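Order of appearance sets the numbers: ligands from 1, and atoms from 1 within every ligand. Worth saying up front: this structure is predicted, and the values here are computed from it rather than measured.
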Amino acid sequence: MKKPLFTLVLAGLPLLAGSAMAEESFSQWLFTLDRMKEFRPVDNETYAEECGACHFAYPPGLLLAMSWQKLLDPVALEDHFGENAELGEDTLAEIQAYVIENSAENSYYKRARKITRSVQSIEPPLRITQVPYIKRKHHELTAAMVRDNPEVGSLSNCNACHTQAEQAVFDDDSVQVPNFQHWDE
Ligand code: HEC
Ligand code: HEC
């Protein structure tokens with residue numbers, strides 16, 4: 001016999017309640033009007049501070065857990081894209097738990113789900129800028145707009161162009177490429 005939908009939903013609630021974070025993200029998702037779009041904004045201070053020290057603190061929903069695990073390996077962090085981004089044991093453990101809990105495949109947000117789908121048949125990349133969905137969205141941008149643009153320099157600098165990146169909003173309505181009036185012409 002087919003169970004009514006609400007029974008299934010109720011049956012799922014204790015599972016979610018098992019983790020305070022999961023419960024929080026579920027209710028946050030449930031009551032956010034934008035839940036069908038974008039990513040969950042960064043809401044862990046340790047992560048924001050440590051992983052936002054050299055660049056924009058990327059919302060965890062931009063990569064799969066497997067990618068985060070590789071990036072956040074203690075040895076890997078000693079040579080993180082040519083920089084030393086080592087962390088103390090407790091700090092690293094907190095950051096690992098936070099990003100894995102909110103990684104693309106564990107996120108309810110629509111763009112996070114697109115990221116997951118986009119890397120399904122490939123080795124999960126270490127770079128967000130290597131995720132096919134992200135690459136596709138930027139394929140029209142020229143070197144003059146990105147690499148050779150003194151106010152951008154690299155596609156990794158999301159917040160150079162996405163004016164609401166801090167809120168994890170990447171909608172093309174909120175894009176402003178510095179030194180370019182129209183990026184789509
Ligand atoms: C000491 C400076 C530094 C710190 C601290 C740091 N990073 Fe980075 N990170 C870099 C550099 C440099 C790059 C390469 C940027 C580029 O290619 O333009 C990078 C790139 C990345 C990328 C790939 C971005 C892309 O191109 O898609 C991710 C993901 C990332 N960092 C995550 C983190 C996380 C998570 C932390 C916290 C544990 C962290 N970073 C801390 C310097 C740092
Ligand atoms: C040089 C400026 C620039 C940088 C840097 C940049 N973007 Fe973009 N991004 C754009 C533009 C312009 C568009 C709109 C492209 C289009 O609609 O054709 C876009 C589109 C997007 C979209 C799709 C928006 C939509 O409405 O469908 C996402 C998601 C996105 N960017 C995420 C990122 C992330 C994550 C980063 C950093 C890793 C990043 N972008 C870095 C300029 C930039």
Task: Structural part of S154 in contact with ligand 1, heavy atom criterion under 4.0 angstrom - done: side chain
Task: Ligand-side contact atoms (ligand 1) for residue partner A85, heavy atom cut-off under 4.0 Å - done: 4 (C), 5 (C), 6 (C)
Open item on the list: With respect to Y47, determine whether any N or O atom, backbone or side chain, lies less than 3.5 Å from an N or O atom of ligand 1.
Closed with: no
- [ ] Measure the spacing between CG of L71 and CD of Q69 and express it to the nearest 0.5 Å.
- [x] 10.5 Å
TODO: Would you kindly specify which portion of L72 sits under 4.0 Å from ligand 1, judged on non-hydrogen atoms: side chain, backbone, both or neither?
DONE: side chain
Open item on the list: Quick test: of every protein heavy atom, which one is nearest to atom 16 (C) of ligand 1, and how far off is it to 0.1 Å?
Closed with: S156 OG, 3.5 Å
TODO: Would you check whether W68 has a nitrogen or oxygen atom less than 3.5 angstrom from a nitrogen or oxygen atom of ligand 1?
DONE: no
Open item on the list: Closer than 4.0 Å to some heavy atom of N157 - which atoms of ligand 2 meet that?
Closed with: 5 (C)
Open item on the list: Just to confirm my output: which protein heavy-atom neighbour is closest to atom 3 (C) of ligand 1, and how far is it?
Closed with: C54 SG, 2.6 Å
Open item on the list: What I'd like to find out is whether the side chain of I115 reaches to under 4.5 Å of the side chain of F39, using heavy atoms alone.
Closed with: yes
Open item on the list: Using only atom types and a distance under 3.5 Å, with no angle test, would you say the side chain of E38 pairs donor to acceptor with the backbone of F170?
Closed with: yes
Open item on the list: Under 2.8 Å from atom 8 (Fe) of ligand 2, can any N, O or S atom of H162 be found?
Closed with: yes
Task: Distance-only N or O hit between ligand 2 and R111, under 3.5 Å - done: yes
- [ ] Go through ligand 2 atom by atom and flag the ones less than 4.0 Å from a non-hydrogen atom of D171.
- [x] 26 (O)
TODO: Give a yes/no verdict on whether any heavy atom in N84 is under 4.0 Å from an atom of ligand 1.
DONE: yes
Task: P124 versus M66, closest heavy-atom pair with distance - done: CG-SD, 3.7 Å
Open item on the list: Using the rule given for side chain to side chain donor-acceptor pair (under 3.5 Å), can you reason through T163 versus Q176, listing the C-alpha separation, both sets of side-chain angles and the distance that settles it, and then say yes or no?
Closed with: CA-CA 7 Å; T163 60; Q176 172 61 62; over 6 Å; no
Open item on the list: Between H162 and V169, does the side chain to side chain contact (heavy atoms under 4.5 Å, CB included) criterion hold? Intermediate values first, please.
Closed with: CA-CA 8 Å; H162 290 278; V169 171; over 6 Å; no
Task: Contact partition for R127 relative to ligand 1, non-hydrogen atoms under 4.0 Å - done: both
TODO: Quick one: look at L87 and ligand 1, take heavy-atom pairs under 4.0 Å, and tell me if it's side chain, backbone, both or neither.
DONE: side chain
- [ ] Decide, counting backbone as well as side-chain atoms, whether C158 has an N, O or S atom less than 2.8 Å from atom 8 (Fe) of ligand 2.
- [x] no
Open item on the list: Distance check, rounded to the nearest 0.5 Å: I100 atom CD1 versus I95 atom CD1?
Closed with: 12.0 Å
TODO: Would you give the length of the straight line joining atom NE2 of H80 to atom SG of C54, rounded to the nearest 0.5 angstrom?
DONE: 7.5 Å
TODO: Return the residue, atom name and 0.1 Å-rounded distance of the protein heavy atom closest to atom 36 (C) of ligand 1.
DONE: C51 SG, 2.9 Å
Task: Close-contact set for ligand 2 against M145 heavy atoms, below 4.0 Å - done: 1 (C)
Open item on the list: Please list the nearest protein heavy atom to atom 27 (O) of ligand 1 with its residue and the distance rounded to 0.1 Å.
Closed with: I128 N, 2.7 Å
TODO: Using a 4.0 Å heavy-atom cut-off, say whether D173 meets ligand 2 through its side chain, its backbone, both or neither.
DONE: neither
- [ ] Go through the steps to decide whether N84 and E86 satisfy the test side chain to side chain donor-acceptor pair (under 3.5 Å), and finish with yes or no.
- [x] CA-CA 6 Å; N84 188 338; E86 256 181 303; 3.1 Å; yes
Open item on the list: For atom 21 (C) of ligand 1, what's the nearest protein heavy-atom neighbour? Residue, atom name and distance, please.
Closed with: F81 CE1, 3.4 Å
Open item on the list: Which residue and atom name correspond to the protein heavy atom nearest atom 28 (C) of ligand 1, and how close is it?
Closed with: Y58 CE1, 3.6 Å
Open item on the list: Would E83 count as a polar contact of ligand 1, with the cut-off being nitrogen or oxygen pairs under 3.5 Å?
Closed with: no
- [ ] Give the minimum heavy-atom separation between R40 and D43, together with the two atoms involved.
- [x] NH2-OD2, 2.5 Å
Task: Closest candidate by heavy atom, reference atom 39 (C) of ligand 2, pool H55, R147, E38, H138 - done: H138
Open item on the list: Quick check: H80 and ligand 1, any N/O pair under 3.5 Å apart?
Closed with: yes
TODO: Evaluate the criterion side chain to side chain donor-acceptor pair (under 3.5 Å) for residue pair N157 and S154; output intermediate values, then yes/no.
DONE: CA-CA 6 Å; N157 295 328; S154 160; 4.9 Å; no
Open item on the list: How long is the straight-line distance from CZ of R127 back to CG of L155, given to the nearest 0.5 Å?
Closed with: 9.5 Å
Task: Shortest non-hydrogen separation from R111 to D171 and the atoms involved - done: NH2-CA, 3.6 Å
Task: Atoms in ligand 2 with a heavy atom of V146 nearer than 4.0 Å - done: 1 (C)
TODO: Enumerate the atoms of ligand 2 whose separation from the nearest heavy atom of C161 is less than 4.0 angstrom.
DONE: 1 (C), 2 (C), 3 (C), 4 (C), 5 (C), 42 (C), 43 (C)
Open item on the list: Tell me the contacting part of L141 for ligand 2: side chain, backbone, both, or neither, using a 4.0 Å heavy-atom threshold, strictly below.
Closed with: side chain
Task: Contact check: D172 vs ligand 2, nitrogen or oxygen atoms, below 3.5 angstrom - done: yes
Open item on the list: Looking at Y58 and S156, would you say the former's side chain and the latter's main chain have a donor-acceptor pair under 3.5 Å?
Closed with: yes
- [ ] Please lay out, stage by stage, how E101 and N106 fare under the test side chain to side chain donor-acceptor pair (under 3.5 Å).
- [x] CA-CA 6 Å; E101 187 110 39; N106 292 328; over 6 Å; no
Open item on the list: If hydrophobic clusters are built from ILVMFWY residues whose side chains come within less than 4.5 Å, do L62 and I122 share one?
Closed with: yes
TODO: With heavy atoms under 4.0 Å as the rule, classify the contact between L71 and ligand 1 as side chain, backbone, both or neither.
DONE: side chain
Task: Close side-chain approach of P178 and C161, heavy atoms under 4.5 Å - done: yes
